[in-house]
Engineer: 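Dumping the structure here so I can ask a few things about it.
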Amino acid sequence: MSNFYITTAIPYVNGVPHIGHAMDYCLADTCARYHRLIGDNVRFQAGTDEHGNKIFLKAKELGVPVEEYVAENAKKFQEFIHKLGVEYTDFIRTTDDSHEKLCQQIWLKLKDHIYSSKYEGWYCTGCERYVTNKEAEENHGICPDHQKPYERLEEENYYLRISDFKDEIREKIESDELLILPEFRKREILKLLEDSPDVSISRPKAQLTWGVPVPDDDTQVMYVWIDALANYITVLGFPEKDISEWWPASAEFVGKDILRFHAIIWPAMLLGLGLKVPKTLVSHGMVLADGQKMSKSIGNVVDPIEVMDKHGLDAMRYYFLRHIDTFADSDFTWEKFEDAYNNELANDLGNLVQRLATLANKNGISAPKVKVNLPKEYRELMDNFEFNKAFDFVWEKIQGINRRIDDEKPWALAKAGETEKLEKVMGEMISNLVGVAHMLRPFIPGTAEKIEKIFSGKIVPPETPLFPKN
Ligand code: MSP
């Protein structure tokens, strides 16, 4: 049994959760459940990112005190995570006093790598990111993700000397000591690292008050990404506590849009603190709506609560974990979702459970004793974070059992009085289905549990189908 620490990106609370936010949680929770299943001791952090200009301006626009605004939205995120069935162990808000205090201690520990200088350049509040002149030029002064002009900043800031750590970071990424998944993103990051300048890590209070105060300088607050990234270790109590039991993290889940912060600034901070870098950065793709980025202005934002209320939690998890590619951008459309629900969940799986349970019940067949073990192929895919492929593997097994029922026709065996063969065939199919349920546990835990329950002891078909059709 080993310790396995999983982290998720902490969302900005400048709005309510949207469907894209489900991605980090579905992947991380599946990973966590799988590791518990194989006997690991899992710690799982989640939280909310509550500082920065973007949030401050939004609260101001709404005329709500910023503390109240962030508290209200943080609650919505927490409710959302619960509704998704995520079994996290720690929840952190970056406005927690303990987090702020530990961030200040972290800042002081990084002192040797921090210097003050003037920042003259571009900033995107939507991304909360300093933008190089080259990038601003290439994008004609407008952020492609937020469709807003970059802001020109001229201010006195503190900088983190990324140059102190560049060689070490490159070496760790190249050797996979810091494994970046998928592989092609690793190459992108190595390229980006070459040109990475030192990074500004504070903002003058005159421009922005909503942040963690820089220790020993009451004119500055920390740049939001510095306090946000630190959450992964402040939640464990660093630097006041020894975190070696859990650190380095086994897997950090982030969207591809924020990989650069996690693969450059974050390792630099960690190395500056004398800590190890995370073992794996799993960078997932974006959830799109009909091939387009979801945005309020286009009006194509899908509400995840609506999806869960309409078809249930496992239907949502199913779509996200099987039909949204773990690493590439993928579409969510209601049409695709409903097709997957009806054809796969209701037909392939729901009907299979109903058919097998009914046949067993009718013919007085009770559940065989099953010793479940996870197939090597499944384990390899799960160990390598290839979740949608592992789910495909499980689904092939489901389709295999369906084909076997059609081929062996147990009802005909019953009619012909071939009891021995009937019991053998049914026993094998039920054992396979229980094995499938075991593999489904990390993905759709509620359904897996129902199947395991139906096929234990006396088999009684469920009164309502597992996935009722619309
Ligand atoms: N606050 C930062 C993260 C700090 S982590 C130290 C942030 N917040 S966010 O709200 O913009 O995004 C939170 C997570 O949701 C990120 O991993 C991001 O990639 C993910 N997603 C946001 N929109 C998404 C989609 N449309 N699709 C998939 N993931 C998306 O970045």
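Any value given below was found using the heavy atoms of this structure, including those in side chains, with hydrogens, waters and symmetry copies removed. Indexing begins at 1, ligand by ligand and atom by atom, following the structure's order.
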Engineer: Check contact between W225 and ligand 1, using heavy atoms of the residue and a distance below 4.0 angstrom.
Structural biologist: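 For ligand 1, residue contact (heavy atoms, under 4.0 Å) with W225 is present.
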
Engineer: Just checking, is any N or O donor in the side chain of D40 or Y34 under 3.5 Å from an acceptor N or O on the other one?
Structural biologist: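 Not at all, the side chains of D40 and Y34 share no donor-acceptor pair under 3.5 Å.
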
Engineer: Heavy-atom distances under 4.0 Å are what count here, so tell me which part of V287 touches ligand 1: side chain, backbone, both or neither.
Structural biologist: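 Answer for V287: both.
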
Engineer: Are E72 and K75 ion-paired here, with the side-chain N under 4.0 Å from a carboxylate O?
Structural biologist: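 Looking at E72 and K75, the cut-off is not met.
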
Engineer: How does H284 reach ligand 1, by side chain, by backbone, by both or by neither, if only non-hydrogen atoms under 4.0 Å count?
Structural biologist: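 Side chain only; the backbone of H284 stays clear of ligand 1.
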
Engineer: I need the atoms of ligand 1 closer than 4.0 Å to a non-hydrogen atom of D257, numbered in the order shown.
Structural biologist: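 So the answer, numbered in order with elements, is 18 (C), 19 (O).
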
Engineer: Can you label the angle between the Y88 ring and the H82 ring as parallel, tilted or perpendicular, going by 30° and 60°?
Structural biologist: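 Rings of Y88 and H82: parallel, as their planes differ by under 30°.
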
Engineer: May I ask whether K293 has any heavy atom positioned less than 4.0 angstrom from an atom of ligand 1?
Structural biologist: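 Contact check K293 vs ligand 1: negative.
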
Engineer: Looking at D49, which atoms of ligand 1 are within less than 4.0 Å of one of its heavy atoms?
Structural biologist: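 Going through ligand 1 atom by atom, the ones under 4.0 Å from D49 are 1 (N), 2 (C), 4 (C).
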
Engineer: Between F337 and H311, is the ring centroid distance below 6.0 Å?
Structural biologist: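 Yes; H311 has its ring centre under 6.0 Å from that of F337.
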
Engineer: Check Y150, Y223, Y159, W122 against Y130 for a ring pair (Phe, Tyr, Trp, His ring centres under 6.0 Å) and give me the one that passes.
Structural biologist: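 Going through the options one by one, the only one that passes is Y223.
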
Engineer: Checking side-chain polar atoms at under 3.5 Å, does D242 have a donor or acceptor matched by the opposite partner on S244?
Structural biologist: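 Yes - a donor-acceptor pair under 3.5 Å links their side chains.
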
Engineer: If you measure from CD1 on I233 to CH2 on W266, what distance do you get to the nearest 0.5 Å?
Structural biologist: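 Separation between the atoms: 4.0 Å.
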
Engineer: With a 4.0 Å cut-off, would you call E61 and K58 a salt bridge?
Structural biologist: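 Looking at E61 and K58, the cut-off is met.
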
Engineer: Please determine whether any non-hydrogen atom of A22 lies less than 4.0 Å from an atom of ligand 1.
Structural biologist: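 No.
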
Engineer: Could you tell me, atom by atom, which parts of ligand 1 come under 4.0 Å of a heavy atom of A228?
Structural biologist: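 Listed by number with element, the hits are 6 (C).
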
Engineer: Does E128 come within less than 4.0 Å of ligand 1, judged by its heavy atoms?
Structural biologist: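 No heavy atom of E128 comes that close to ligand 1.
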
Engineer: State which residue, out of D227, N231, T94, fulfils the side-chain hydrogen bond (donor to acceptor under 3.5 Å, both in side chains) condition with H99.
Structural biologist: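 That would be D227; it is the only one of D227, N231, T94 passing the side-chain hydrogen bond (donor to acceptor under 3.5 Å, both in side chains) with H99.
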
Engineer: Look at atom 7 (C) of ligand 1 and say which protein heavy atom is nearest, naming residue and atom and giving the distance to 0.1 Å.
Structural biologist: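 It is Y12 CE1, 3.4 Å.
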
Engineer: With a 4.0 Å heavy-atom cut-off (strictly under), which part of Y232 contacts ligand 1: side chain, backbone, both or neither?
Structural biologist: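 Side chain only.
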
Engineer: Check each atom of ligand 1 against the heavy atoms of G255 and keep those under 4.0 Å away; list them by number with element.
Structural biologist: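 Contacts of ligand 1 toward G255, numbered from 1: 17 (O), 19 (O).
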
Engineer: Taking only heavy atoms of G285, which atoms of ligand 1 are found under 4.0 Å from at least one of them?
Structural biologist: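 So the atoms of ligand 1 that pass are 28 (C).
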
Engineer: Any heavy atom of F253 sitting closer than 4.0 Å to ligand 1?
Structural biologist: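 Under 4.0 Å: no for F253.
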
Engineer: Identify, by atom number and element, the atoms of ligand 1 in contact range of D24, meaning under 4.0 Å from any of its heavy atoms.
Structural biologist: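 Selected atoms, number and element: 14 (C), 15 (O), 16 (C), 17 (O), 20 (C).
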
Engineer: Can you tell whether the side chains of E377 and K397 come within less than 4.0 Å, N to carboxylate O?
Structural biologist: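 Not counted as a salt bridge, because no side-chain N and carboxylate O are separated by less than 4.0 Å.
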
Engineer: Nearest non-hydrogen atom to atom 3 (C) of ligand 1 belongs to which of T8, I10, V301?
Structural biologist: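 Minimum heavy-atom distance to atom 3 (C) of ligand 1 goes to I10.
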
